[in-house]
Amino acid sequence: MTGNQGAGGGDQGAFAPAAYQAALPTERVILPVGSEGAGDQLEMDVLFVGAGPAGLSGAIELARLVRHDNEAGGSLGDVQIGVLEKAEALGEHSLSGAVVNPRAFRELFPDLSDADFPFRQAVPGERVYLLTAGGSLRLPTPPTMKNHGNYVASICEIVRWLGEKAEAAGVNIFTGFPAGALLVDGQRVAGVRTVASGLGRDGEQLGGYAPPNDITAKVTALSEGTRGLLAQAWLEWQQVPSVNPQVYALGVKEIWETKQPLDAVIHTLGWPLPTDAFGGSFLYPLEPNLLALGLVVGLDYHRAALDVHVLLQRLKQHPLFRSYFEGGELVEWGAKTIPEGGYHALPGRRSGDGVVILGDSAGFVDVPSLKGIHYAMQSGIFAARAIFQALKRGDQSAGPLAEYDRLVSGSYIMSDLHRTRNMRPAFTHGFYRGGIEAGLMSLTKGRFPGRRIVMDSDAAAVRRVGSAEPFTPDGALTVSKVDAVFKSGNTTRDTIPSHLVTGPDVPPEVVDFYVHMCPAGVYERVDGGLRVNAPNCVDCKATDVLGPRWTPREGGSGPKYKRM
Amino acid sequence: MKIAVCIKRVPDSETRVKVANDGRSLDEAGVKFILNPYDEFAVEEALRRKEAAGAGEVAVIAVGTAASQETIRTALAMGADRGVLLQADAVPADGLAVARALAAELQDGGYDLILCGKMAIDDQSYQVGPMLAERLGLPCVTAVTTLSLEGGKGVAEREIEGGVEVVEFPLPAVVTADKGLNEPRYPALKGIMAAKKKPLAVKPFDGGTVGVAVTGMGLPAERQEGRIVGEGAAAVPELVRLLREEAKVL
Ligand SMILES: Cc1cc2nc3c(=O)[nH]c(=O)nc-3n(C[C@H](O)[C@H](O)[C@H](O)COP(=O)(O)OP(=O)(O)OC[C@H]3O[C@@H](n4cnc5c(N)ncnc54)[C@H](O)[C@@H]3O)c2cc1C
């Protein structure tokens, strides 16, 4: 495999990826309730789409509110709460860092203590470095990156643990069922339609064919995580504005069993990223000898040949990192995007008739601290409270559900994001100017520069074409994309129809851009044209941001993360 | 038609296997557990038999830890009617102990057919089905790839070296399922909902009397790395030389 380090050759032209992107297939994603073609019909009272921290926390809180109300003689009676998840088992599509702020856990489980939560260890110490190709400079930890009192954890384990709590509370968890479309009744969201399974490459029905199912609900909570398809479609359909468009970063991550232990969480800035890209790396010890290494890069990078997977491979060769990984074993690999637009990219409202949008799907991520898990959980808790009130009132229209927006707006979710509102946008100006500006912002608690920095969508950012610096993985310390995908546990049936919607006439330089952009080797350039190896896809959604659009495929497809 | 299916919770075959610190068990950290794939064929077959008969009951029985309830729920979500967990601290390594426990549970159940997987993919012992039949005094047909039942008798096909064997037997009987018997269904949404309300009885099992114990577990030797000797026709002479002189297979 060849890749590049983003150093790029001469100027061979430029393009904006948006010009080659297909539109969101809204006509397939927003369906009138009762449309033909569904198998089973199922009725829920409340349906969460996506079993991440947001959806599961919402389901747990709602189940508890209903139970307490019934115990106190309330009249709600039996309330059916469902959670749909596209992964075959809970947590298998979950990927994070993760250093977790325990705040929302404490609120959701007031009877438990930190020791009961599915964390691996308290953050033992922390170090931040600025890297150059051969050296490293230790920096003081910026206030926005401080992790004292937080915990190192695996989001897969968190999700499985939350899932057990939800099931014990009577929540129906349906794994292996991706939602493929919103069911709507006028302006009201009435539920979702799941994706069919057992289709052949050309859409023909195979032996194990199962048709899509319709699940109707009084309230549908979209907790699909980053770049949620249904959330995007709803926002577009309802024309909900945001001040800046949402932007994303791609994180590529590996889990290693190492010979050398680590006793701190490490963040780095600088090399191997070119100075015109935004991002950094993290190295977290789940256990002293079980390390999570990730590299996160803003998808507005300028060099078409930048390849995050390859950059992560190079990172492991840096003197600061090499000694940890040499002689160790790569146990898992994965990738996922992160919404990084922050405060100014939040949709003007996150609720409507019969619907609320939670967690990453709404964009509740604080970029400087690289945190979203506790915001996702907290947004789930707030959504549950608003939904509970709406159920009590017998009215789940936009009015009562706007309570969710009020709760979020009055909480630390909004004040945290407001404080760091201009940090990510500052980096559209490049690493050094961005770094200085971000420093000033931290010092002034977000007041500098006193105006909003405008950002384009990632797909609108112009890419300079240039040649890739060749990279040959050694198969031990560094791995190819093919080997990487194997380590994601991806065993997608290779005869399913392609779930990626490509634009017409993709020129060769854009094909090359896709090849580098996708960490899982989905795209290949064959005879100058685009070849799509769809089964490789690990649902990171980078492609949906910059290239061919992503749609959900047969349940259980994609990665099978264990300790990401 | 009353059918019992014996099932087991096993590590997923895609699991990266690590030996635990005691040197004789699996390190369960990060391991996903599933319904034993051969038992899945057995459950599917039972459901099809019941559906074909138009009436009856499919009961699933597991010997295992409390976590096996999840495995039983999977079978219930597929369509089985009720579950029984013979709950132990660990599944005994001795197949006979398991077979005895199952036999005691199934003895007076009045089952027309008892189905098992031909083996569990974790210990690959192939013992429980035949031993269970022996304990119950029933005929046993192992590793079947097709099954038909009519009146009081069954006809099964088994794959044998280079061909197919056709076997006839009276019911009740114990039949163990092989790959190819059917294509197991995926639980439907309604099945998952319904499974929560189906009865699941948990009975304590002390592990029985054991005659066999696992004393060690190890990983297979790593495969030697491949070697690229060249490309295209030019590489043939070198390849032939190596096969002759190093591998000594020519
Ligand atoms: C590399 C990386 C590092 C990070 N580090 C940290 C960190 O250290 N600390 C921290 O707090 N946060 C971190 N984050 C952010 C954090 O992981 C997210 O903010 C958090 O997971 C959001 O939770 P969620 O429930 O909104 O979404 P998710 O956790 O993404 O869950 C969404 C779920 O919905 C499912 N889904 C999506 N679409 C559908 C559909 N159509 N049908 C059915 N199911 C669907 C998905 O499979 C997934 O299981 C990191 C993120 C990344 C990518």
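Computed from a prediction, not measured in an experiment: that's the story for all the values here.
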Can you pull every donor-acceptor pair closer than 3.5 Å across chain B and chain A?
from	atom 1	to	atom 2	distance (Å)
B:Arg16	NE	A:Glu329	OE2	3.4
B:Arg16	NH2	A:Glu257	OE1	3.1
B:Arg16	NH2	A:Glu257	OE2	3.3
B:Arg16	NH2	A:Glu329	OE1	3.4
B:Lys32	NZ	A:Glu88	OE1	2.7
B:Lys32	NZ	A:Glu92	OE2	2.9
B:Lys190	NZ	A:Gln41	O	3.2
B:Lys196	NZ	A:Gly170	O	3.0
B:Lys196	NZ	A:Val171	O	3.2
B:Lys196	NZ	A:Asn172	OD1	3.1

remark   = With sequence neighbours left out, the residues meeting side-chain hydrogen bond (donor to acceptor under 3.5 Å, both in side chains) with B:Glu159 are none
message = According to side-chain hydrogen bond (donor to acceptor under 3.5 Å, both in side chains), who are the partners of B:Asp123, at least two apart in sequence or on a separate chain?
response = B:Lys8
remark   = Turns out that what part of B:Ala77 lies under 4.5 Å from chain A's heavy atoms comes down to neither
query = B:Pro184 versus chain A, heavy atoms under 4.5 Å apart: side chain, backbone, both or neither?
reply = neither
inquiry  = Around atom CZ of B:Arg241, are there more than 12 heavy atoms from other residues, nucleotides or ligands closer than 6.0 Å?
reply    = yes
query = Checking A:Ile173 against chain B: side chain, backbone, both or neither under 4.5 Å from a heavy atom?
reply = backbone
ask   = Measuring heavy-atom distances to chain B, does A:Met564 have an atom under 4.5 Å in its side chain, in its backbone, in both, or in neither?
value = neither
query = Does B:Ser148 have any side-chain hydrogen bond (donor to acceptor under 3.5 Å, both in side chains) partners at least two apart in sequence or in another chain, and if so, which?
reply = none
ask   = Closest approach of B:Leu189 and A:Leu42, non-hydrogen atoms and distance?
value = CB-CD2, 3.9 Å
